Q: 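Here's a structure for you.
Predicted model only: the values in this text are computed from it and were never measured.
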Amino acid sequence: MTKKIHLFINNRPVEAEEGMTILEAAKIAGIHIPTLCYLKDLTKEGACRVCQVEVEGARSLCAACVYPVSEGMRVHTHTKRVLDARKSIVELLISNHSKDCLSCVRNTNCELQRLSQELGVREDAFKGNKTPATFDEVSPGIVRDTSKCILCGRCVAACKKYQGVGVLGFQGRGFNTKVAPIYDMSLANVNCIQCGQCINVCPVGALSEKEEIHDVINALNDPEKHVVVQTAPAVRAALGEEFGMDIGSRVTGKMVSALKIIGFDKVYDTNFGADLTIMEEGYEFLSRVQNGGPFPMITSCSPGWINYIEKEYPELLHHLSSCKSPQMMVGAIVKSYYAQVKNIDPKNIYVVSIIPCVAKKGEKEREQMIKDGMKDVDAVLTTRELGKLIKMYGIDFKGLEDSDFDQDLFGEYTGAGVIFGASGGVMEAALRTVADVMVGEELDNFTYTTVRGTEGLKTATLNIGGVIVKVAVAHSMAMAKPLLEEIKNGTSQYQFIEIMGCPGGCINGGGQPYVRAAVRNRGVDFKKLRAQALYNEDMAKQVRKSHKNKQIQELYANFLGEPNSHLAHELLHTHYNAQPRFKNVFEDEE
């Protein structure tokens, strides 16, 4: 039984558990202590000292995020001494910080800006030279601007803890300290997988996605362009947060209405592409079952994961499904079948993807995704970018009526397509189709809840028509690595593995709305809330299996022929190549 500790915070009695910090105890009492470097379950270093408090008997102020509680302790969180110290710390941070707040990507959504306002910082108290800055926009998806970095270390921790990659680390000493890849190289030249988790945890504008908003606006205003937009499943579960709505609000209809007001010629759902992916991937798996492997087959939907395996485990590339991701499949079909039916020159079609993922920006630039000189997808906007675009067009998002996706050709999607956005969703969607095909009949029980959830490695052993199928689901490279090591060593017991690049899957992609540190630190499970929005939409759909999508059936009947046909392989499948691996000096550091 955990020992109870009794202490006083601001003269109020508080009961905490042994091992808790002052910060955790204060949260129990409903007392707010500001933080900056601290992020629950990620960083607890006491580096920034913004959370300093006064502990009676201590010689100096103490960092609440790391200082343990003790019996009878008396803590004061907002004395003049504490407030003056916090203000001085923030003033020192600002003295070495770029102050282009009006044009900064994080303006009005910046933790340093918010903290400055709370502490009444109004003057540039410390003036002088600034640390030499690096501006890196060479990589396909991420922009790094060290002039805004406050050395909190969150990005360093995220890269190491979530992905086990260790691309970022502290370099230099004293005034010359900065966070960067080794030798201050570009993220394009090291083993960065472009997942964007570093962006999600950055409290300021030191890391951001490479915006393509104005490219899209230019296409919308080009009379020669027929602009088609597709929206990934996880976007509907988070976009509302950009407009002050609750985490997990499902805004599918409002999102479609906004896109139609902006002026896209067609508004489709990437869920159609997810259903198409299941058909191709499911039948690819069935082919491996019939031909004895190679096993396990691993999903290929996540470009961050693809970036990782190409660099870290190139010897396992033959285990990957050859399927393109859903967004790329939609792009390929729009510029072939859709162009043919609509009698539009594919060179005049401009495909835009609204995606929760930063790595998708790089995926569309791959040479394998370019056919006859045309990209399958021309532009990728993150969920955050779509929020900005909607605001730029002066749309009252919360006041919008719901609209439906355009229904011609690609308007139908199933519940299986929707759940792609959550970890385990691709596996469950695939099993819904694979099981029916293997058994030869439509199964009534098709919710494989054992592969759902946002925590830990998930495994299941299934008996499908007398065939034992063992599956595993991993989200983030740190979780995937043990599975990959088993495959490498020849000890893997699985036939089918789903791997997603981001913790929790696409609902926590690197392009999703920022979740305030205060919300994270309260323990709000935002990943679970967003995932539930997708499962709710799945339950609401009349058709919940990809192979039951009538427009998918028509696509095969009228154009592709059958799953894994020659034409399907030409348009919907791809290959991956080993990439040079750069040894990161930070990856093995403790």
Side-chain angles (χ1 to χ4, degrees), residues 5-40 43-99 101 106-131 148-154 174-175 177 203-204 516-523:
I5 300 293
H6 301 86
L7 67 155
F8 294 86
I9 303 180
N10 297 343
N11 298 318
R12 292 168 52 184
V14 178
E15 184 179 83
E17 294 182 355
E18 187 177 31
M20 279 187 170
T21 63
I22 293 173
L23 183 64
E24 292 168 330
K27 291 184 190 305
I28 293 174
I31 298 171
H32 171 67
I33 298 174
T35 60
L36 200 52
C37 68
Y38 173 80
L39 204 57
K40 182 178 173 63
T43 55
K44 189 167 68 173
E45 308 295 337
C48 73
R49 318 303 286 185
V50 164
C51 66
Q52 287 188 104
V53 294
E54 195 168 354
V55 177
E56 291 187 12
R59 290 184 299 174
S60 60
L61 297 179
C62 307
C65 70
V66 293
Y67 203 94
V69 297
S70 60
E71 186 65 34
M73 172 186 281
R74 288 186 171 273
V75 180
H76 303 281
T77 67
H78 287 80
T79 63
K80 184 178 186 305
R81 182 187 178 195
V82 167
L83 292 175
D84 286 347
R86 290 176 186 163
K87 184 176 180 181
S88 294
I89 288 167
V90 172
E91 286 174 336
L92 284 167
L93 287 172
I94 290 174
S95 72
N96 196 37
H97 189 76
S98 172
K99 300 179 183 63
C101 295
R106 292 296 295 270
N107 188 29
T108 74
N109 193 15
C110 168
E111 292 181 40
L112 181 61
Q113 192 180 61
R114 187 178 295 116
L115 192 55
S116 298
Q117 185 178 32
E118 289 177 5
L119 294 173
V121 176
R122 297 289 181 265
E123 298 176 359
D124 197 356
F126 302 99
K127 297 180 180 180
N129 295 331
K130 298 180 185 296
T131 303
K148 299 175 182 178
C149 179
I150 59 172
L151 303 177
C152 67
R154 287 187 192 173
F175 184 70
T177 303
V204 290
R516 289 184 57 183
V519 175
R520 288 174 177 253
N521 292 342
R522 285 202 304 270

Q: Do Ile150 and Pro203 have side chains that approach each other closer than 4.5 Å (heavy atoms only, starting at C-beta)?
A: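 A side-chain contact exists here, since the closest heavy-atom pair is under 4.5 Å.
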
Q: Pick from Lys80, Arg81, Arg86: which one makes a side-chain hydrogen bond (donor to acceptor under 3.5 Å, both in side chains) with Asp84?
A: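 With Asp84 as partner, side-chain hydrogen bond (donor to acceptor under 3.5 Å, both in side chains) holds for just one option, Lys80.
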
Q: Which heavy atom in Leu61 sits nearest to a heavy atom in Ala85, and how many Å separate them?
A: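 That would be CD1-CB, 3.5 Å.
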
Q: Side-chain contact, heavy-atom cut-off 4.5 Å: Glu71 with His6?
A: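 They are in side-chain contact.
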
Q: Do Leu23 and Thr35 touch side chain to side chain, with heavy atoms closer than 4.5 Å?
A: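 Leu23 vs Thr35: side chains touch.
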
Q: Are the charged groups of Arg154 and Glu45 less than 4.0 angstrom apart, N to O?
A: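 Not counted as a salt bridge, because no side-chain N and carboxylate O are separated by less than 4.0 Å.
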
Q: Please answer whether the main-chain N or O of Asn109 pairs with a side-chain N or O of Arg106 as donor and acceptor at a distance below 3.5 Å.
A: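 Pair found, side chain donor or acceptor close to backbone of Asn109.
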
Q: Quick one: CE on Met20 to CD on Glu15, what's the gap to the nearest 0.5 Å?
A: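 Output value for this atom pair is 10.0 Å.
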
Q: Report yes or no: does Thr177 contribute a side-chain atom to a donor-acceptor pair with the main-chain N or O of Gly174 at less than 3.5 Å?
A: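 Between the backbone of Gly174 and the side chain of Thr177 there is a qualifying donor-acceptor contact (under 3.5 Å).
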
Q: Decide yes or no on side chain to side chain contact (heavy atoms under 4.5 Å, CB included) for Lys99 and Ile94, but give the supporting numbers first.
A: CA-CA 8 Å; Lys99 300 179 183 63; Ile94 290 174; 3.5 Å; yes

Q: Above 12 or not: heavy atoms from other molecules or residues under 6.0 Å from CZ of Arg516?
A: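 Check fails, neighbour count at 12 or below.
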
Q: With a 4.5 Å limit on heavy-atom distance, are the side chains of Leu36 and Leu93 in contact?
A: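 Leu36 vs Leu93: side chains touch.
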
Q: To check you understand the geometry: which heavy-atom pair defines the closest contact between Ala29 and Arg12, and what is its length?
A: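 In this case the closest contact between Ala29 and Arg12 is O-NH2, 2.9 Å.
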
Q: Side-chain contact test, heavy atoms from C-beta onward, threshold under 4.5 Å: evaluate it for His76 versus Asn10 and give yes or no.
A: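 His76 reaches Asn10 side chain to side chain.
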
Q: Taking NZ in Lys44 as the centre, count heavy atoms belonging to other residues, nucleotides or ligands within less than 6.0 Å. Is the count above 12?
A: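 Open: at most 12 neighbouring heavy atoms sit under 6.0 Å from NZ of Lys44.
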
Q: Identify the two heavy atoms, one from Val66 and one from Gly46, that lie closest to each other, and give their separation to 0.1 Å.
A: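 Shortest heavy-atom contact: CG1-N, 3.8 Å.
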
Q: What residue among Thr77, Val50, Val75 forms side-chain contact (heavy atoms from CB on, under 4.5 Å) with Ile33?
A: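 Of Thr77, Val50, Val75, side-chain contact (heavy atoms from CB on, under 4.5 Å) with Ile33 is met by Thr77 alone.
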
Q: For Asp124, does the CG atom sit with more than 12 other heavy atoms under 6.0 Å from it, leaving out its own atoms?
A: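 It does: Asp124 CG has more than 12 such atoms within range.
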
Q: Would you check, one step at a time, whether the test side chain to side chain contact (heavy atoms under 4.5 Å, CB included) holds for Ile89 with Gln52?
A: CA-CA 10 Å; Ile89 288 167; Gln52 287 188 104; 3.1 Å; yes

Q: Is there a side-chain contact between Met73 and Tyr67 (heavy atoms, below 4.5 Å)?
A: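 Heavy-atom side-chain distance check passes, below 4.5 Å.
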
Q: Are the side chain of Ser95 and the backbone of Lys127 linked by a donor-acceptor contact shorter than 3.5 Å?
A: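 Not a single qualifying donor-acceptor pair exists.
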
Q: Is it true that, when you exclude Glu123 itself, more than 12 heavy atoms of the residues, nucleotides or ligands shown sit nearer than 6.0 Å to its CD?
A: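 Atom CD in Glu123 is not packed in, count stays at 12 or less.
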
Q: Hey, mind stepping through Thr108 and Arg114 against side chain to side chain contact (heavy atoms under 4.5 Å, CB included) and telling me if it holds?
A: CA-CA 8 Å; Thr108 74; Arg114 187 178 295 116; over 6 Å; no

Q: Lys148 side chain to His97 main-chain N or O, any donor-acceptor pair under 3.5 Å?
A: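 Not a single qualifying donor-acceptor pair exists.
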
Q: Search all heavy atoms of Lys40 against all heavy atoms of Asn521 and return the closest pair with its distance.
A: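 Distance-wise, the nearest heavy atoms are N-OD1, 2.8 Å.
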
Q: Please give me the minimum heavy-atom distance between Ala16 and Leu7, naming the atom from each residue.
A: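 Smallest interatomic distance, heavy atoms only, reads CB-CD2, 4.1 Å.
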
Q: Can you confirm whether Gln113 sits close enough to Asn107 that some side-chain heavy atom of one is under 4.5 Å from a side-chain heavy atom of the other?
A: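 Side chain of Gln113 against side chain of Asn107, heavy atoms only: contact under 4.5 Å found.
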
Q: Between CD1 of Ile28 and CD of Glu24, what distance do you get to the nearest 0.5 Å?
A: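 Here the interatomic distance stands at 8.0 Å.
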
Q: Please tell me if the side chains of Cys65 and Cys51 come closer than 4.5 Å, counting only heavy atoms from C-beta onward.
A: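 Yes, at least one pair of side-chain atoms sits under 4.5 Å.
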
Q: Output the distance between atom CG (Leu92) and atom NZ (Lys87), rounded to the nearest 0.5 Å.
A: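 If we round to the nearest 0.5 Å, Leu92:CG and Lys87:NZ are 12.5 Å apart.
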
Q: Stepwise, does the side chain to side chain contact (heavy atoms under 4.5 Å, CB included) test hold for Val69 with Thr21?
A: CA-CA 5 Å; Val69 297; Thr21 63; 6.0 Å; no

Q: Counting only heavy atoms from other residues, nucleotides and ligands, does the tally under 6.0 Å from CD of Gln117 exceed 12?
A: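 No, not enclosed.
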
Q: Taking all heavy atoms of Asn129 and all of Phe175, pick out the closest pair and write down the distance.
A: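 Distance-wise, the nearest heavy atoms are O-CZ, 3.4 Å.
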
